[in-house]
Enquirer: 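Below is the structure I would like to discuss, written out as structure tokens.
Counting from 1, the numbers follow the sequence of the chain as shown.
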Amino acid sequence: MIARIPPIYARNLAFSPLTCYKKRVISPDEFRHTLSHFASGVTVITVCDRDGRPTGLTASAFTSVSLDPPLILVCVDHKSQSYPALVAGKTFAVNILSHDQEAVSRRFATTKVENKFEGVPFTLSQMGLPLLENALAQLECATVNVYLEGDHSIFVGRVERARAGAGLPLVFYRGRYDRLSGPTP
């Protein structure tokens, strides 16, 4: 007779933080400082929670993954207020901010604001996702994979809908917001 083993679910297990290093190679501050030399665009990731309330967070760890199929990824801190809604949801939106949306980025980057959408104009898309008005571009995505890595999760999304407007992006470089110079494309 073979003993039946009950299924094991990751949410029921306690793991010590996994790392590929046996000892720390560089400090978190040194790593952050070095990465700050890479200029990036600024996005706000938006989703609705289980009760239908919009929630979101600022993210600069965003990139394309594949053209066919169209895939993107975004990295989200496990401590983010919006993390539970992202994990529970099957869809999310990426709002690429325009050069004049620094205040929006700062609002969604803080943990001190409970309702980050208060006073921020948005619409709900046909997919039920909050889309920020005046964003430079928007991607509506279906979550296809989530990878837990360190203190963040990597969300891979298949782009279902996309919209791009004219203007210049908001840029983050060496710990501060900046803008590209030159005429609007």
Enquirer: What closest approach, in Å, do Glu149 and Ile154 show between heavy atoms, and which atom pair accounts for it?
Expert: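 So the minimum-distance heavy-atom pair works out to CG-CD1, 3.8 Å.
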Enquirer: With heavy-atom distances below 4.5 Å as the criterion, would you say the side chains of Val113 and Arg107 are in contact?
Expert: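 Result yes, sub-4.5 Å side-chain heavy-atom pair found.
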Enquirer: Calculate, to the nearest 0.5 Å, the distance between atoms OG and CG belonging to Ser66 and Leu71 respectively.
Expert: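 Separation between the atoms: 4.5 Å.
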Enquirer: What about Leu57 and Leu148, same hydrophobic cluster or not, with Ile/Leu/Val/Met/Phe/Trp/Tyr joined at side-chain heavy-atom distances under 4.5 Å?
Expert: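 Yes; Leu148 is reachable from Leu57 via cluster members.
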Enquirer: Does the side chain of Val42 come within less than 4.5 Å of Gln101's, by heavy atoms?
Expert: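 Counting from C-beta outward, Gln101 and Val42 never come under 4.5 Å.
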Enquirer: Any chance the side chains of Arg161 and Gln126 put a donor and an acceptor closer than 3.5 Å?
Expert: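 Present: a donor and an acceptor within the cut-off.
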Enquirer: State whether the side chain of Thr110 and the backbone N or O of Lys112 hold a donor-acceptor pair below 3.5 Å, judged by distance alone.
Expert: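 At least one qualifying donor-acceptor pair exists.
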Enquirer: So which atom in Cys141 and which in Val159 form the shortest heavy-atom distance, rounded to 0.1 Å?
Expert: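 Of all heavy-atom pairs spanning Cys141 and Val159, the closest is SG-CG2, 4.1 Å.
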Enquirer: Could you tell me which non-hydrogen atom of Glu160 sits nearest to which non-hydrogen atom of Ala142, and how far apart they are?
Expert: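 The pair with the smallest heavy-atom distance is OE2-CB, 3.8 Å.
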Enquirer: Where do Ile45 and Ala59 come nearest, in terms of heavy atoms and distance?
Expert: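 Scanning both residues, the minimum pair turns out to be CG1-CB, 4.0 Å.
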Enquirer: Could you check whether Phe108 and Phe117 have their ring centres less than 6.0 Å apart?
Expert: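 Judged by ring-centre distance (under 6.0 Å), Phe117 and Phe108 do meet the cut-off.
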Enquirer: Verify the cluster assignment for Val47 and Val94: are they in a single hydrophobic cluster under the rule of side-chain heavy atoms below 4.5 Å apart?
Expert: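 Yes: a chain of side-chain contacts under 4.5 Å links Val47 to Val94.
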Enquirer: What side-chain donor-acceptor pairs closer than 3.5 Å can you find for residues 81-92, not counting sequence neighbours?
Expert:
| from | atom 1 | to | atom 2 | distance (Å) |
| --- | --- | --- | --- | --- |
| Gln81 | OE1 | Lys116 | NZ | 3.0 |
| Gln81 | NE2 | Thr111 | O | 3.2 |
| Ser82 | OG | Thr55 | OG1 | 2.7 |
| Ser82 | OG | Gly56 | N | 3.1 |
| Ser82 | OG | Gly56 | O | 3.0 |
| Tyr83 | OH | Ser153 | OG | 2.8 |

Enquirer: Quick one: side chain to side chain donor-acceptor pair (under 3.5 Å) partners of Asp29, sequence neighbours excluded?
Expert: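 Applying side chain to side chain donor-acceptor pair (under 3.5 Å) to Asp29 gives Arg32.
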Enquirer: May I ask whether Leu139 and Leu73 are part of the same hydrophobic cluster, defined by side-chain heavy atoms of I, L, V, M, F, W, Y residues being less than 4.5 angstrom apart, directly or through others?
Expert: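 No, separate clusters.
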Enquirer: If you round to the nearest 0.5 Å, how far is CG of Asn134 from CG of Asp100?
Expert: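 Here the rounded value is 7.0 Å.
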Enquirer: Do Glu133 and Thr123 have side chains that approach each other closer than 4.5 Å (heavy atoms only, starting at C-beta)?
Expert: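 Yes, side chains in contact.
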Enquirer: Between Asp49 (side chain) and Asp51 (backbone), is there a donor-acceptor pair under 3.5 Å?
Expert: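 Side chain of Asp49 to backbone of Asp51, a donor-acceptor pair under 3.5 Å: yes, one is there.
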Enquirer: Taking all non-hydrogen atoms of both residues, which atom of Ser125 and which atom of Leu131 are closest, and how far apart?
Expert: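 Closest heavy-atom pair between Ser125 and Leu131: CB-CD1, 3.7 Å.
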Enquirer: Between Ile72 and Phe62, is there a side-chain heavy-atom distance shorter than 4.5 Å?
Expert: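 A side-chain contact under 4.5 Å exists here.
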Enquirer: Are Val104 and Ile96 in one and the same hydrophobic cluster, where Ile, Leu, Val, Met, Phe, Trp and Tyr link if side-chain heavy atoms are under 4.5 Å apart?
Expert: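 Looking at the clustering, Ile96 is in a separate group from Val104.
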Enquirer: About how many Å separate SG of Cys75 and NE2 of His152, when rounded to the nearest 0.5 Å?
Expert: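 Atom-to-atom, His152:NE2 and Cys75:SG are 7.0 Å apart.
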Enquirer: Does any part of the side chain of Val76, heavy atoms only, come nearer than 4.5 Å to the side chain of Phe155, both counted from C-beta?
Expert: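 Yes, close enough: below the 4.5 Å cut-off.
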Enquirer: First locate atom OG of Ser60, then atom CG of Leu170, and finally report the distance between them rounded to the nearest 0.5 Å.
Expert: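 The distance works out to 10.5 Å.
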Enquirer: Taking all atoms of both residues into account, what is the closest heavy-atom pair of Leu124 and Cys48, and its distance?
Expert: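 Looking at all heavy atoms of both residues, the shortest contact is CD2-SG, 4.1 Å.
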Enquirer: Within the 4.5 Å heavy-atom criterion, are Thr43 and Asn95 side-chain neighbours or not?
Expert: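 When only atoms from C-beta onward are counted, Asn95 and Thr43 do not touch, as no gap falls below 4.5 Å.
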Enquirer: Does the side chain of Leu97 reach to within under 4.5 Å of the side chain of Leu132, using non-hydrogen atoms?
Expert: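 A side-chain contact under 4.5 Å exists here.
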